[in-house]
Trainee: 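This is the structure, below, for whatever I ask next.
Every value quoted in this text rests on a predicted model; they were computed, and no experiment measured them.
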Amino acid sequence: QVQLVESGGGLVQAGASLRLSCAASGRTFSNYAMGWFRQAPGKEREFVATISRSAGITYYADSVKGRFTISRDNAKNTMYLQMNNLKAEDTARYYCASTPTPRGTDIYTQTNAYAAWGQGTQVTVSS
């Protein structure tokens, strides 16, 4: 199974930007569809964005559409989440997740579709 490690979180003011990274190891990264999720205290883990194996297909939660951009570099075994115009409601622990998929066009928005998870990185946005 692939191992995932997130980084790039921090404390920023509203309107600022952050870029999260998710480094993968252990398996062929390009065989996996990837996703970003987040969880705020007292709330369920929620979908943020997903990207297909080849990076040709992406999909976003409505709450982040137009502000966040998911991408991946298969040569570096790394996925990214560029977050712009951050809001206080974006405050959460952000997790990356992976799942093997035979098709290059597959993307997944459900938590139970993912086989492996990182430990998360905290993003705090002050208003």
Trainee: Closer than 3.5 angstrom, by distance alone: can the side chain of Thr91 be matched with the main-chain N or O of Val125 as a donor-acceptor pair?
Mentor: yes
Trainee: Could you give me the CA-CA distance, side-chain angles and deciding distance for Thr58 and Ile107, then say whether side chain to side chain contact (heavy atoms under 4.5 Å, CB included) is met?
Mentor: CA-CA 7 Å; Thr58 59; Ile107 54 174; over 6 Å; no
Trainee: Is it the case that more than 12 heavy atoms not belonging to Lys43 sit under 6.0 Å from its NZ atom?
Mentor: no
Trainee: With a 4.5 Å heavy-atom cut-off, do Asn31 and Pro100 have their side chains touching?
Mentor: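 No, every pair of side-chain atoms sits at 4.5 Å or beyond.
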Trainee: If only atom types and distance count, is the side chain of Gln13 paired as donor or acceptor with the main-chain N or O of Ser126 below 3.5 Å?
Mentor: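 Checking the backbone N and O of Ser126 against the side chain of Gln13, no donor-acceptor pair under 3.5 Å is found.
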Trainee: So, the side chain of Tyr60 versus the backbone of Ile70: is there a donor-acceptor pair under 3.5 Å, distance only?
Mentor: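 The answer is yes, because a donor-acceptor pair under 3.5 Å joins these two groups.
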Trainee: Just verifying a value: how many Å separate Gln110 CD and Phe37 CZ, rounded to the nearest 0.5 Å?
Mentor: 7.5 Å
Trainee: Checking the side chain of Arg93 only, and the main-chain atoms of Gln119 only, is there a donor and an acceptor separated by less than 3.5 Å?
Mentor: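 Present.
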Trainee: Can a donor-acceptor pair be found, under 3.5 Å and without considering hydrogens, that links the side chain of Thr121 to the backbone of Gly9?
Mentor: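 Confirmed, Thr121 side chain pairs with Gly9 backbone.
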Trainee: Hey, mind stepping through Asp106 and Thr101 against side-chain hydrogen bond (donor to acceptor under 3.5 Å, both in side chains) and telling me if it holds?
Mentor: CA-CA 7 Å; Asp106 287 345; Thr101 177; 2.5 Å; yes
Trainee: First locate atom CD of Gln39, then atom OH of Tyr95, and finally report the distance between them rounded to the nearest 0.5 Å.
Mentor: 5.5 Å
Trainee: Might you point out which heavy atoms bring Thr50 and Met34 nearest each other, and give the distance in Å?
Mentor: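 Result for this residue pair: OG1-O, 2.9 Å.
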Trainee: For Asn84 and Ser17, does a side-chain donor sit closer than 3.5 Å to a side-chain acceptor?
Mentor: yes
Trainee: If you group Ile, Leu, Val, Met, Phe, Trp and Tyr by side-chain heavy-atom gaps below 4.5 Å, do Phe47 and Met79 land in one group?
Mentor: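 Result: no, two separate clusters.
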Trainee: Which value, rounded to the nearest 0.5 Å, describes the distance between Ser98 atom OG and Arg53 atom CZ?
Mentor: 13.0 Å
Trainee: Does Phe29 offer a backbone N or O that forms a donor-acceptor pair with the side chain of Arg72 under 3.5 Å?
Mentor: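 Checked: pair present.
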Trainee: First locate atom SG of Cys96, then atom CG of Leu20, and finally report the distance between them rounded to the nearest 0.5 Å.
Mentor: 9.5 Å
Trainee: Is the closest side-chain heavy-atom distance between Arg67 and Lys87 below 4.5 Å?
Mentor: yes
Trainee: Ile51 and Val5: same hydrophobic cluster, using ILVMFWY side-chain contacts below 4.5 Å?
Mentor: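 No; tracing contacts between hydrophobic side chains, which count when under 4.5 Å, never links both residues.
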Trainee: Please report the closest heavy-atom contact between Leu81 and Ala49, naming both atoms and the distance.
Mentor: CD1-CB, 4.4 Å
Trainee: Would you sort out whether Arg27 and Tyr32 count as a side chain to side chain contact (heavy atoms under 4.5 Å, CB included), showing the intermediate values?
Mentor: CA-CA 9 Å; Arg27 290 291 187 269; Tyr32 291 76; 3.3 Å; yes
Trainee: What pair of heavy atoms forms the shortest contact from Ala88 to Ser127, and how long is it?
Mentor: CB-CB, 4.1 Å
Trainee: Under 3.5 Å, side chain of Tyr114 to main-chain N/O of Tyr108, donor-acceptor pair present?
Mentor: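 A pair under 3.5 Å: yes.
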Trainee: With no hydrogens and no angle check, is any side-chain donor or acceptor of Thr78 less than 3.5 Å from a backbone partner on Lys76?
Mentor: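 Looks like yes, one N/O pair under 3.5 Å.
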Trainee: What closest approach, in Å, do Asn74 and Asn77 show between heavy atoms, and which atom pair accounts for it?
Mentor: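 Of all heavy-atom pairs spanning Asn74 and Asn77, the closest is O-OD1, 3.2 Å.
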Trainee: Kindly give the heavy-atom pair with the smallest separation between Phe68 and Arg38, and that separation in Å.
Mentor: CE2-NH1, 4.1 Å
Trainee: Between the side chain of Ser52 and the main-chain N/O of Ile57, is any donor-acceptor distance below 3.5 Å?
Mentor: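 Looks like yes, one N/O pair under 3.5 Å.
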Trainee: What closest approach, in Å, do Thr111 and Trp117 show between heavy atoms, and which atom pair accounts for it?
Mentor: O-CZ2, 3.5 Å
Trainee: When rounded to the nearest 0.5 angstrom, what is the spacing between OH in Tyr80 and CG in Asp73?
Mentor: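 CG of Asp73 is found 5.0 Å from OH of Tyr80.
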Trainee: Report the distance from atom OG1 of Thr124 to atom CG of Asp90, rounding to the nearest 0.5 Å.
Mentor: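 Going from the OG1 atom of Thr124 to the CG atom of Asp90 covers 11.0 Å.
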